[in-house]
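Side-chain atoms are counted along with the backbone in the values below, which use heavy atoms only and exclude waters and symmetry mates. The first residue of the sequence shown is numbered 1, and numbering continues consecutively from there.
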Amino acid sequence: MDVYSSKLSTAVDYGVGAFLLLIAILSIVGNFMVLVMAYKRSNHMKPPELLSVNLAVTDLGAAVTMYPLAVASAWNHHWIGGDVTCVYYGLMGFFFGAASMMTLTIMAVVRFIVSLTLQSPKEKMSKRNAKILVATTWLYALLWAIFPLIGWGKYGPESFGLSCTLAWRDMKEQSQSFVITIFLMNLILPAIIIISCYSAIALKLYITYKSMNDNNHIPSMIKTQRRLMLIAVLISIGFVGCWAPYGIVSLWSVYRPGDSIPPEVSMLPCLFAKSSTVYNPFIYYIFSKTFKQEVKQLGRFCGRSNICPTSEAKKGPENTIYLMCDANKSKVGAEEQTEKSRENETQMMPNQLDM
């Protein structure tokens, strides 16, 4: 039997292709927009923001390198390219997925460290250290992605025939150590770290709120921190939540008979996992006033070929991400409010691109 032939009906194949095409378009446009916004203010970017940029790069990379091939295969009713493209597709998926998870984990840890001394104006991270952390995420992901190529693990087609990933069923006898280790190091342990960090931040904010004396300024700062932390939590939940069902189904397929999960059922968690590259730009737009304003400014630029420049102010709290643009420079009060909003919104770290 041809393992690369679709096990789904023709109508479902077309539906899968259309869904993946939509996901690809939204992922590419959304994450490209995030990178454009980052580039606009790259001269004033704070070191921790590089992690947010890195997260957008991982999502964009997955969408560009994987989804076109998946769409073409779905509409062809057969995986295109055979073993070579299957290994390529599985490698890219594992590589960018591991890089995203590691980036989210580091972001949570750095955010926690930053939250320990919110009142301190000192830089918490140097640009050199930020670059090292970014490089670490890619080296970590590359290491795990290479293991199946050298015999520890294996890439292969999904049971429904229109996608490729780690060959879970083939690793049932030969690479159980790889299965256990990969789940531990790329899903379970990172999820525990992320949950622990954000739980500790939430507890600290709660204690700070209860112990504060200034009922005017500080409550506003705490409210801003809560909103920014919400963005970070939603980003993490979006990624882990998308991949958890796929991980469960994959683990089930390792230890259960090959036909225990119908192709249509195994396909759904796979599609859900692929949608993880879409959510971050939407989260940024909904919850970040600065990101929303920058997007609107870019829209005006496309319409009339001029755009309100970002602020040249170089001073501000450590995690400035998007500098607010004051269109009416003559209104000092509005300008001061913009500056204050900018300063509040920068205390959160990497999400900032969003956050």
Side-chain angles (χ1 to χ4, degrees), residues 27 31 34-35 47-66 87-114 124-155 164-168 171 175-198 232 235-244 246-247 250-251 273-274 276-277 280 349-354:
S27 296
N31 287 288
V34 172
L35 296 180
E49 298 177 68
L50 292 176
L51 291 170
S52 289
V53 175
N54 196 54
L55 188 60
V57 170
T58 62
D59 289 342
L60 182 62
V64 170
T65 61
M66 299 171 60
V87 171
Y88 159 80
Y89 190 90
L91 176 68
M92 291 297 102
F94 195 7
F95 177 60
F96 286 113
S100 294
M101 177 58 90
M102 181 53 57
T103 301
L104 288 170
T105 304
I106 293 177
M107 285 171 63
V109 173
V110 174
R111 174 71 185 104
F112 171 71
I113 295 173
V114 169
K124 300 296 189 303
M125 179 189 297
S126 67
K127 183 166 291 189
R128 177 177 178 275
N129 288 339
K131 291 180 178 179
I132 290 175
L133 290 177
V134 169
T136 299
T137 65
W138 292 107
L139 290 175
Y140 182 88
L142 181 62
L143 178 65
W144 281 100
I146 288 177
F147 280 144
L149 298 180
I150 59 178
W152 196 36
K154 180 182 178 182
Y155 292 116
C164 291
T165 182
L166 293 170
W168 301 107
M171 295 187 292
S175 302
Q176 286 202 28
S177 61
F178 179 76
V179 174
I180 295 173
T181 306
I182 191 178
F183 271 93
L184 179 64
M185 299 301 295
N186 290 280
L187 185 59
I188 298 175
L189 187 58
I192 291 175
I193 293 174
I194 291 171
I195 293 172
S196 299
C197 287
Y198 289 130
I235 289 172
S236 300
I237 290 176
F239 185 85
V240 176
C242 284
W243 281 96
Y246 179 76
S250 299
L251 193 61
K274 286 179 171 59
S276 65
T277 60
N280 292 354
M349 80 134 277
N351 293 352
Q352 306 58 271
L353 253 177
D354 29 346

Engineer: CD1 of Ile237 to CD1 of Ile194: how many Å apart, nearest 0.5 Å?
Structural biologist: 10.0 Å

Engineer: I'd like to know whether Ser177 forms a side-chain contact (heavy atoms from CB on, under 4.5 Å) with Trp152, so could you lay out the CA-CA distance, the side-chain angles of the two residues, the decisive distance to 0.1 Å, and finally the verdict.
Structural biologist: CA-CA 9 Å; Ser177 61; Trp152 196 36; 3.0 Å; yes

Engineer: Tell me if a side-chain donor or acceptor on Thr181 pairs with a main-chain N or O of Phe178 at a distance below 3.5 Å.
Structural biologist: no

Engineer: Give the table of side-chain donor-acceptor pairs shorter than 3.5 Å for residues 92-110, with sequence neighbours excluded, one pair per line with atom names and distance.
Structural biologist:
| residue | atom | partner | partner atom | Å |
| --- | --- | --- | --- | --- |
| Ser100 | OG | Thr58 | OG1 | 2.8 |
| Ser100 | OG | Phe96 | O | 3.0 |
| Thr103 | OG1 | Asn54 | ND2 | 2.9 |
| Thr103 | OG1 | Ala99 | O | 2.7 |
| Thr105 | OG1 | Met101 | O | 2.8 |

Engineer: Got a second to check how far Lys131's NZ is from Ser126's OG, nearest 0.5 Å?
Structural biologist: 10.0 Å

Engineer: My understanding is that only residues two or more places apart in sequence, or in another chain, count here; which of them pass side-chain hydrogen bond (donor to acceptor under 3.5 Å, both in side chains) with Ser236?
Structural biologist: none

Engineer: Considering all heavy atoms of both residues, which atom of Ser27 and which atom of Leu60 are nearest to each other, and what is their separation?
Structural biologist: O-CD1, 4.4 Å

Engineer: How close do Trp144 and Met185 get, heavy atom to heavy atom, and via which atoms?
Structural biologist: CZ2-CB, 3.7 Å

Engineer: The criterion is side-chain contact (heavy atoms from CB on, under 4.5 Å); which residues satisfy it with Ile146, sequence neighbours excluded?
Structural biologist: Leu142, Ile150

Engineer: Is any side-chain heavy atom of Ile193 closer than 4.5 Å to one of Leu189?
Structural biologist: yes

Engineer: Quick check for you: to the nearest 0.5 Å, what is the distance between Lys154 atom NZ and Thr165 atom OG1?
Structural biologist: 13.0 Å

Engineer: Counting distance only, does the side-chain N/O of Tyr155 pair as donor-acceptor with the main-chain N or O of Tyr89 below 3.5 Å?
Structural biologist: no

Engineer: Working to the nearest 0.5 Å, report the span between CD1 of Ile113 and SG of Cys197.
Structural biologist: 8.0 Å

Engineer: Indicate yes or no: at least one non-hydrogen side-chain atom of Val34 is less than 4.5 angstrom from one of Leu55.
Structural biologist: no

Engineer: Start with the C-alpha gap between Val134 and Val53, add the side-chain angles, then the distance that decides, and say whether side-chain contact (heavy atoms from CB on, under 4.5 Å) holds.
Structural biologist: CA-CA 9 Å; Val134 169; Val53 175; over 6 Å; no

Engineer: Using the six-membered ring wherever Trp is involved, compare the ring planes of Trp243 and Tyr246 and label them parallel, tilted or perpendicular (cut-offs 30° and 60°).
Structural biologist: perpendicular

